[in-house]
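Per chain, numbering begins at 1; letters A, B, ... match sequence-line order. Only this structure's heavy atoms are used, side chains among them; waters, hydrogens and symmetry mates stay out.
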Amino acid sequence: MDIKKAKITDVAKYAGVSVSTVSLVLSGKGRISDTTITKVNHAIEALNYVRNTAAANLRSHQSNLIGLVVRDITDPFYMGITSGISDQLERQGYMLFLAQSGNSKEKQLQCIQSMIQQGVAGIILSPVREAINASLDLIHQANIPVISIARSETGADIDYVGPDNTLAAKMATEHLIAQGHRHIAYVGGGGESLTRAERIGGYCSTLMQYGLPFKNDWIVECSLSQASAVEVTHQLLNKHPKITAILCHRPATAIGALYGAQLAGKSIGQDNYIGQQVALLGFDNAPETELTRPALSMIHTPTEEIGYQTAKLMARKLTTPLAPRQSIHIKPSLLLRGSA
DNA sequence: TCTCAATCTCAAGGCTGGTC
DNA sequence: GACCAGCCTTGAGATTGAGA
């Protein structure tokens, strides 16, 4: 019994047509009679023929692969984006080639290099700040389109799809101000984070707009861990007891801040007129923020929508490479729970 | 004879493995 | 190490055949 995989030549032989006719039937191009199409389809079924896309891409200089480089594929934020991109790209006949770079410049460049070597048609990138110029050099040399996602504007002249961080911070700050808070702090993120910079920009400008005090001491960096947020919040509230509300850079920061505030002798809640209460409002909603007591109010950005818009933009860039650069900012929403 | 739809021929793409 | 064939498919251009 012959167990060799059927080739296009086998299909052509079986159907009694030429190889190029089979190719035309497969691609749906050209003018082919219904009789011939039926014969070819019958041969494909009989021989269990599966098209070799590697060979097809080799010949046509095209690829249906789109590279996606994210920082951390287990991060719920990126999981949502990846899901949206994958759904939309599949509908348009593309496949996703996924890699994670962490925060390493070298890893990001390595991922991009591998994707180019695999012949991807375009790259969607969550840029590492230190790697952005080198990454873009590589991608431009390969002459393929690139879209920056999720991690803020890079300053580079490339298309961008992601959350509107400035608006998110403005919405969060305005909500706290509307509740009567006048001493609002920002906890979390690192100085190198562009996302954090944009949020702090929105937070500061809103405070100024309402004529409220803004102090550098009230903006505190901390690492990704909850433990770090516990420590930082504890110290912040001990040092500045006037603070009645805190914006938290990410879900883990918000959860850590909750325990840090409690360690500082504060309770968590919306009523800043009750002496010892602190309101907490976090960015990037995650399921675990619903499980705390009280549950944490969060700014939610629809991550699947970011993915969906990114995939649509990539498909557009592949069909019209000279289309003008676009920046798509996805509007956030406020999820009000018990903490603010 | 002309036109046009349907089909075929052949070169080419980058990489691998075999031969000299 | 150099060269070449084979892998599998596509697409431009050539050919065929039927109808007007």
Distance in angstrom units between [X] [atom1] and [N] [atom2], rounded:
| X | N | atom1 | atom2 | answer |
| --- | --- | --- | --- | --- |
| A:Ile37 | B:dT7 | CD1 | C1' | 13 Å |
| A:Ile8 | B:dG13 | CD1 | C1' | 15 Å |
| A:Lys39 | B:dA6 | NZ | P | 13 Å |

Is the NZ or CZ atom of A:Arg199 positioned over A:Phe283's six-membered ring, under 6.0 angstrom from the centre and within 45° of the axis? yes
With a 4.0 Å cutoff (strictly under), does any side-chain N or O of [X] reach OP1 or OP2 of [N]?
| X | N | result |
| --- | --- | --- |
| A:Thr36 | B:dT7 | yes |
| A:Ser23 | C:dT10 | yes |
| A:Thr21 | B:dT7 | no |
| A:Tyr49 | C:dC8 | no |

Give a yes or no on this: more than 12 heavy atoms of other residues, nucleotides or ligands lie within 6.0 Å of atom CG of A:Asp217. yes
Any non-hydrogen side-chain atom of A:Thr36 less than 4.5 Å from a side-chain atom of A:Thr21? yes
Between A:Val17 and A:Val22, is there a side-chain heavy-atom distance shorter than 4.5 Å? yes
Go through C:dT10, B:dT7, B:dC8 for me and flag the one nearest to the A:Ser33 side chain. B:dT7
What's A:Val22 touching, base or sugar-phosphate or nothing? Going by heavy atoms closer than 4.0 Å. nothing
